[in-house]
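Contents: one structure, followed by commentary.
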Amino acid sequence: MTLQSTLRPLRGVARRLRENWKLSTGLVLLIGLILLALLSPLISAAVGQGTDPVAIAAYQKWLRPSPDHWFGTDQFGRDLFAMTIGALRVSLEVGAIAGVLSTVVGVIMAFVAGYKGGAVDGTLSTITDMVLVVPSFPLLIALSAYTKNVGIVELGLMLAAFSWPFAARTIRSQVLSLRARPYVELAKVSKLRDLEIIAYELLPNMLPYIGVGFASSALGAIFALVGLEVIGLGPGETIDLGKIIFSAIGTGAMTLGAWPMFVAPIFLLTLLFAALNLINIGLEEVYNPRLRGVAGA
Amino acid sequence: MTAVATPERASGRGLRAWLGAHPLAGYAIRRFGLYLLELWGAVTVAFFFFRMIPGDPIQTFIQTLQQNYVYNAQASAEVIARYRQEFGLDGNLFSQYLHYMYKVLVQQDLGPSLLNYPTPAQDVIMRAMPWTMGLLGIAAVLAWILGLLAGALAGWRRGKFGADLVTNLSIALSHVPYYFLALILTFVFAYQLNWLPARSAYDARLQPGFSLEFIASLLRYGLLPGLSIVVIGVFSWLLSTRMLMVPVLGEDYLTYAQAKGLRPRRILTRYALRNCYLPQVTAFGISLGFIFNGNVLVEQLFSYPGLGATLVQAIGILDFNTIMGITNLAIFSVLTANLILDLLLPLLDPRVKYWR
């Protein structure tokens, strides 16, 4: 294979990125946020200069924002800038774990249901709908209130347990429409096994939708966790963006001049939200050209 | 043998023939059966989910009783067993489930609440319900109506600067969780500007009643939580309405209406927007569950005394009867709303044919 031919698909991708500003802006934002999160140990080291800037009583309490502490310090004297970046990393990790898990479950359910059809589809879809109808948020509150000291992985698992039906539902409807395409019929006529058809014919065409499903469930998980923490029911000791918002509200940080404690996590979450949302819309526009110019969503 | 079987077969054929002649009735029966199945399934899923939470509410309850009344003697096993039985927490999980279903279905009794013992759970729920109905009901319907109108306009005037700005704004904001906007609104209007109260449902100094002062206070306190639900709702309804509108706008009958010299406003409201009503009504039914979920957080954030905040409190002390009561209510409303919409739809729109 020559270099030219290996690069061709990449060039296609690059063109699509150039053509669709939503997709490219979203990706740039997301990559920026991920890089920021990955750099959090370095940032923490740079801020602390040898000491841990987020240790309890590392500095004075409630320092105002200054060149030394860009966001000031919190009620325990922790540097808020380093803490916020570290929390961003935790939030992203939880979202990624929950997103991967619920996408995998959703994809399996959707493919089995959508491809097999008939009674299998009926049963699986009814189960999916039942889980969708049960108000998931109260369950999440209950689970988290009684499972103390859970790690990031367990958190991701818990959140995924309630977000897979959304992914399953979206992907199933796509499988249903793909199943009827002529090339799938051709594959069936040529005696390919079900699994082969799913793997070689359906899955590649589904990738953008799976991507959208992943992004939405990751986002849903991050915001569900933040929601839990904001009302003070967050599980465990992990500091994510929601926990910082909660302590900002609880300590009255706004009245103490520590506004970054509230504004910074909200700003980061808004950016993250905008990034994933733009990617979702961009992907749909690229892969579903009928929507182009017509839909805004 | 055959003589016995014949009438049965005949009646079977009769039923089928009747169903053939009345397809709508057949559809309605099947849809209702599915409704019952979904109702049972969702309640069962919720029951087992909640019961699997570790923790012993009775033990905690007795401990608080002892602390409150300086009751130093250890509660006897008899007392504990008595409470367990009263709350339906004795026996294994499956017999608890049967017991619960029996009480709810046959005796219409949700059991006593722990939150406010010995008040029955249904009374606790009934007390919180008007608040949620008032806040959530008004906000959700208002958001739907405003979103539909704004979406129609945004589609109608597409390409114009204002309409496109609003559309892009909705794309950015339509999936923001309610509580997120609530946080920002509280920060700006309650803490920074000090214009509106950030907590509770009415001024505690006022006596609840039909006085002008009290109603004004209700509106003032409800503004921020209501606004956070309405604004996000309007954005998402705007987007979906616009998506339904734009393809319709290219249809020939609209060009014809224009050629007839009808005024644009009439074309928009009578000709174009009508196509969006039905799908949006269905979508409203589907979205009820999510709206309830979002509302739980909003109520908790604003300490609004509705179902959501009550639910959070009940979970805090594992008050299973109240938790299940509110959950069942939410499940019941969402499924029933969808059932009614599904049954009404074929009547409203002759093109909809579910039965085939």
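When reading the values below, keep in mind they use all heavy atoms of this one structure, side chains included, and skip hydrogens, waters and symmetry mates.
We find the OG-CG distance between A/Ser91 and A/Leu272 to be 8.0 Å, quoted to the nearest 0.5 Å.
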Item to check | Candidate pair B/Tyr35 and B/Leu335, rule side-chain contact (heavy atoms from CB on, under 4.5 Å), full reasoning | outcome: CA-CA 7 Å; B/Tyr35 165 73; B/Leu335 285 178; 3.8 Å; yes
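Considering only heavy atoms from C-beta on, B/Phe180 stays 4.5 Å or farther from B/Ile232 through its side chain. With contacts defined as side-chain heavy-atom distances shorter than 4.5 Å, the pair B/Leu193/B/Val188 qualifies.
Of the atoms belonging to B/Leu311, it is side-chain heavy atoms, and not backbone ones, that fall under 4.5 Å from chain A. With a threshold of 4.5 angstrom between heavy atoms, A/Val226 approaches chain B through its backbone and through its side chain. With a 4.5 angstrom heavy-atom cutoff, A/Thr270 touches chain B via backbone and side-chain atoms both. B/Tyr179 touches chain A through its side chain: at least one heavy atom from C-beta onward sits under 4.5 Å away, while N, CA, C and O do not. With a 4.5 angstrom heavy-atom cutoff, A/Leu278 does not touch chain B via any of its atoms. Both the backbone and the side chain of B/Val176 come within less than 4.5 Å of a heavy atom of chain A. Looking at A/Phe223, both its backbone and its side chain come within 4.5 Å of chain B, counting heavy atoms on both sides. For B/Leu37, the parts lying near chain A are the backbone and the side chain together; criterion is any non-hydrogen pair under 4.5 Å. Contacts of B/Leu183 with chain A are made by both backbone and side-chain atoms, with heavy-atom separations under 4.5 Å.
Checking side-chain atoms of B/Trp237 against main-chain N and O of B/Val234 turns up no donor-acceptor pair under 3.5 Å. No side-chain donor-acceptor contact under 3.5 Å links A/Asn277 to the backbone of A/Phe273. Of the possible polar contacts, none joining the A/Ser217 side chain to the A/Ser102 backbone as a donor-acceptor pair under 3.5 Å is found.
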